[in-house]
Amino acid sequence: MINLHPTKFQELSFTLEDLEIFKIQNDRECVLALQKHFFPRLEYLLKESLDLTQQLYGIDVRTGMTTSLSPKNRLNTAKVQRPEAVMIAHTGKRRLKKIKIHFILKTSKEILDIFILHI
């Protein structure tokens with residue numbers, strides 16, 4: 001029996017039976033099942049990995065970072081895309097205000113202004 005909510009690393013496991021969830025025909029039901037079945041274990045694995053990194057290197061790797069999960073289930077969307085994979089990532093946080101970076105590229109004929117907006 002698979003423990004969906006491990007509290008010890010030894011309880012964490014993934015099996016070939018996990019792949020059966022991808023065979024659910026209804027896309028929305030498939031996404032919900034994937035989230036319920038995989039996310040708790042992936043979140044635990046990420047937490048343990050970040051804790052170990054902090055112990056080994058003495059830095060808080062969570063500072064300025066956020067967790068991103070896929071597939072996401074947006075209840076207000078008309079169509080849910082069929083998930084092909086399940087993933088969790090530790091990524092940088094988005095900035096709350098837009099920052100404008102101005103580059104000037106000089107060519108032989110003209111000067112081009114390029115604005116890049118970061119969100």
*asked:* According to salt bridge (charged side-chain N to carboxylate O under 4.0 Å, His left out), who are the partners of Asp51, at least two apart in sequence or on a separate chain?
replied: Lys47, Arg62

_Under the rule for side chain to side chain donor-acceptor pair (under 3.5 Å), what residues qualify as partners of Thr15, not counting sequence neighbours?_
none

*For Thr91, which residues count as a side chain to side chain donor-acceptor pair (under 3.5 Å) partner, sequence neighbours excluded?*
none

*Between atom CG of Leu32 and atom CG of Asn26, what is the distance when rounded to the nearest 0.5 Å?*
8.5 Å

*With sequence neighbours excluded, what pairs up with Glu48 under the salt bridge (charged side-chain N to carboxylate O under 4.0 Å, His left out) test?*
none

*Mind checking whether Pro71 and Val86 have side chains closer than 4.5 Å, heavy atoms only?*
yes

*For Gln25 and Cys30, what are the C-alpha separation, side-chain angles and deciding distance, and is it a side-chain contact (heavy atoms from CB on, under 4.5 Å)?*
CA-CA 7 Å; Gln25 296 299 313; Cys30 182; over 6 Å; no

*Roughly how far, to the nearest 0.5 Å, is OG1 of Thr63 from CD of Gln54?*
8.0 Å

*Closest heavy-atom pair and its distance - Ser70, Phe39*: O-CE1, 3.6 Å

_Pairs meeting criterion salt bridge (Lys or Arg N to Asp or Glu O under 4.0 Å) with involvement of residues 7-16, two or more places apart_ = none

*asked:* Please say yes or no: joined through hydrophobic side-chain contacts below 4.5 Å, possibly via intermediate residues, are Leu50 and Ile59 part of one cluster?
replied: yes

*hydrophobic_cluster_shared for Phe14 and Leu69, side chain cutoff 4.5 Å*: yes

*With the 4.5 Å side-chain cut-off for hydrophobic clustering, are Ile88 and Leu52 part of the same group?*
yes

*Please report the shortest heavy-atom distance between Ile21 and Phe38, naming the atom on each side.*
CD1-CE1, 4.2 Å

*Pairs meeting criterion salt bridge (Lys or Arg N to Asp or Glu O under 4.0 Å) with involvement of residues 31-44, two or more places apart*: Asp18-Arg41

*For Leu46 against Ala89, the heavy-atom pair lying closest together*: CD2-O, 4.5 Å

*asked:* In this structure, would Leu42 and Phe22 fall into the same cluster of hydrophobic residues linked by side-chain contacts under 4.5 Å?
replied: yes

*Expected output: side-chain His90 to main-chain Val61 donor-acceptor under 3.5 Å*: yes

_Between Tyr44 and His5 (side chain of the first, backbone of the second, donor and acceptor by atom type, cut-off under 3.5 Å), is there such a pair?_
no

